[in-house]
Amino acid sequence: MTDPAVRRRRQALYLFFFLPGIAMSSWVTRTPDVRDQLEVSTAEMGLILFGLSVGSMIGILCSGRFVERLGTRPVIVLGTSLIISGTIVIGAGSAVPSALLVTAGLFLFGAGMGSGEVAVNVDGADVERITGAPVLPTLHGCFSLGTVVGGLVGMTATAADIPVHWHLAAITLAATGMLIHASRALPTGVGLSTRPPTSGTTGQTRPQVWKDRKLLLIGAIVLAMALAEGAANDWLPLLMVDGHGLNAAAGSLVYVGFAAAMTLGRFCGTFFLVRFGRATVLRASAVSGALGLVLVIFSDNAAVAAASVLFWGLGASLGFPVALSAAGDSGPDQTARVSLVAIIGYVAFLVGPPALGFLGDHYGLRTAMVAVLVFVASAILIAPAADTRDRAPATLDV
């Protein structure tokens with residue numbers, strides 16, 4: 001593969017990370033409006049978000065097998081198409097209004113995120129292998145950049161009282177254009193299984209991956225940090241509205257601050273990874289995330305809570321991409337290893353937050369975030385597991 005082809009492929013992956021980010025934040029920033037239109041409680045919103053969980057679980061569980069049989073390209077395109085379809089269905093559900101239709105849209109959205117994002121991470125890990133540079137933090141930075149852009153648009157739409165369905169329809173049109181443009185640059189055949197198609201091969205290989213203790217510890221790191229990111233993506237605007245008394249527009253602005261901190265952390269992450277290594281960076285990230293969560297949960301000052309979201313965002317920024325890079329370096333069968341850790345991460349990212357809704361309905365969203373804090377604090381202790389090689393690559397192909 002020529003260098004221009006690799007460059008075009010990497011740029012396409014930037015768009016495939018950016019697109020889910022802008023779609024996700026467009027939904028998240030409008031959750032207070034959708035809740036009010038549907039006239040549901042926090043617990044009922046948790047049930048609606050369960051559609052996202054079910055869809056994501058189906059997508060996650062199918063993705064690795066689809067990638068091995070079809071390659072990453074068709075799975076990425078299908079997953080992205082489902083995200084776009086889910087976004088327009090969510091908008092339609094808010095216009096009716098219909099909780100069932102919003103749940104169905106979130107199911108499609110989750111299926112697309114679960115399947116497409118696992119595949120796009122496998123493709124990104126392959127680009128890291130080709131270039132010898134830490135690419136995944138920057139790719140995930142594009143997801144966070146998408147959340148910033150989507151959050152700003154969502155905040156503006158909220159302040160201007162633009163109906164949710166018109167807002168999401170515009171996002172759908174933009175995302176469709178990105179999909180058509182980016183899909184042309186992806187090569188075929190990436191991620192296909194090289195194992196002989198015998199009945200005993202899969203059964204012999206997969207248990208070895210699941211039994212790899214260091215890989216499972218890496219999975220525990222990504223679970224904790226992805227839960228921290230997912231909890232903010234699903235609940236932060238409502239947390240600031242219900243838990244700290246901000247209005248809907250201000251709650252969206254706080255979420256934009258979180259997304260901006262995530263973006264900064266991911267785009268600057270390579271600099272620190274090259275100099276300090278994965279374990280040190282992950283431990284510092286977990287400390288930052290835990291500090292932000294402590295202040296959001298226990299501070300009664302709304303300004304302090306809003307500012308501390310920046311620590312939360314910086315802390316959560318590198319856990320997912322760095323753990324995926326570590327998984328890819330942890331042994332043979334890179335596709336299976338990256339898929340396993342990505343599955344763990346997306347389970348936490350998409351399935352964990354709805355459970356927080358049930359806790360939030362009984363104890364308040366601020367108290368519910370204590371569960372997230374416990375997981376993030378545990379990542380401080382197990383961060384050394386990410387040192388699957390001595391140091392991140394010192395070269396960066398820009």
Side-chain angles (χ1 to χ4, degrees), residues 14-36 45 49 52 83-84 86-87 90-91 94 105-106 109 113 117 139-175 178 226 228-244 246-267 289 292 296 302-303 305-317 320 349-350 353 365 369:
Y14 290 158
L15 285 178
F16 279 116
F17 273 89
F18 179 83
L19 191 157
I22 195 171
M24 174 68 79
S25 62
S26 297
W27 146 252
V28 169
T29 53
R30 303 310 299 267
T31 50
D33 291 326
V34 172
R35 182 189 63 175
D36 293 343
M45 275 298 289
L49 285 169
L52 186 70
I83 290 173
I84 293 171
T87 302
I90 292 169
S94 69
L106 287 170
F109 196 107
M113 284 284 289
E117 291 301 290
L139 291 176
H140 282 261
C142 289
F143 175 86
S144 297
L145 180 62
T147 63
V148 172
V149 173
L152 288 171
V153 173
M155 182 183 66
T156 303
T158 300
D161 290 326
I162 296 174
V164 174
H165 59 279
W166 289 119
H167 170 204
L168 295 185
I171 296 298
T172 299
L173 287 175
M178 293 180 204
E229 180 181 354
N233 280 334
D234 276 0
W235 292 112
L236 187 53
L238 282 174
L239 173 63
M240 299 309 297
V241 170
D242 294 349
H244 291 283
L246 301 184
N247 60 40
S252 295
L253 180 60
V254 172
Y255 173 76
V256 171
F258 170 85
M262 289 277 296
T263 304
L264 178 65
R266 284 173 169 170
F267 280 120
V296 169
S308 63
V309 165
L310 300 177
F311 290 104
W312 184 352
L314 283 172
S317 62
F320 209 153
F349 183 78
L350 295 170
L365 281 174
M369 293 299 153

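Bear in mind that the values here come from a model prediction, so they are computed numbers and not experimental data.
For the pair Leu168 and Ser26, the tightest heavy-atom approach, listed with the atom from each and the gap, is CD2-CB, 3.9 Å. What you find for Phe267 and Cys142 is that their closest heavy atoms are CZ-N, 3.9 Å. Residues Ser252 and Thr158 share a closest heavy-atom pair of OG-OG1, 4.4 Å. Across all non-hydrogen atoms, the minimal contact from Ala226 to Phe320 is CB-CD1, 4.2 Å.
Annotation: salt bridge (Lys or Arg N to Asp or Glu O under 4.0 Å) contacts involving residues 140-167, sequence neighbours excluded, are absent. Pairs engaging residues 22-33 under the salt bridge (Lys or Arg N to Asp or Glu O under 4.0 Å) rule: Arg30-Asp33 [sequence neighbours left out]. Within the structure, the salt bridge (Lys or Arg N to Asp or Glu O under 4.0 Å) test picks out the following pairs touching residues 251-267 (sequence neighbours left out): Glu229-Arg266.
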Apply the test side chain to side chain contact (heavy atoms under 4.5 Å, CB included) to residues Val148 and Ser25: give CA-CA distance (whole Å), side-chain angles for both, the deciding distance (0.1 Å), then the verdict.
CA-CA 8 Å; Val148 172; Ser25 62; over 6 Å; no
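In this structure the side chain of Met369 never reaches within 4.5 angstrom of the side chain of Val296, judged on heavy atoms.
Remark: Ala302 pairs with His244, Leu246 by the side-chain contact (heavy atoms from CB on, under 4.5 Å) rule, at least two apart or across chains. By the ring pair (Phe, Tyr, Trp, His ring centres under 6.0 Å) test, Phe17 pairs with His140, sequence neighbours left out. With sequence neighbours left out, the ring pair (Phe, Tyr, Trp, His ring centres under 6.0 Å) criterion links His167 to no other residue. Residues passing the side-chain contact (heavy atoms from CB on, under 4.5 Å) test with Thr172 are Ile84, Thr87, Ile88, Thr176, sequence neighbours excluded. A search for side-chain contact (heavy atoms from CB on, under 4.5 Å) contacts involving Leu253 returns Met155, not counting sequence neighbours. Under the side-chain contact (heavy atoms from CB on, under 4.5 Å) criterion, Asn247 pairs with Ala249, Ala250, sequence neighbours left out.
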Could you list the donor-acceptor pairs under 3.5 angstrom formed between side-chain atoms of residues 310-317 and any protein atom two or more places apart in sequence or on another chain?
unit_1 : atom_1 : unit_2 : atom_2 : d
Trp312 : NE1    : Ala228 : O      : 3.1
Ser317 : OG     : Leu314 : O      : 2.7

With a 3.5 Å cut-off and sequence neighbours excluded, list the donor-acceptor pairs that the side chains of residues 254-264 form with protein atoms.
unit_1 : atom_1 : unit_2 : atom_2 : d
Tyr255 : OH     : Asn233 : OD1    : 2.9
Thr263 : OG1    : Ser144 : O      : 3.0
Thr263 : OG1    : Leu145 : N      : 3.1
Thr263 : OG1    : Ala259 : O      : 2.8

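In this structure, OG1 on Thr29 lies 11.5 Å from CG on Leu236, to the nearest 0.5 angstrom. Separation of atoms CD1 (Ile171) and CH2 (Trp27) is listed at 14.5 Å; rounding is to 0.5 Å. Taking CG from Leu238 and OG1 from Thr31, the interatomic distance works out to 4.5 Å, rounded to the nearest 0.5 Å. To the nearest 0.5 angstrom, Thr156 atom OG1 is 8.0 Å from Ile162 atom CD1.
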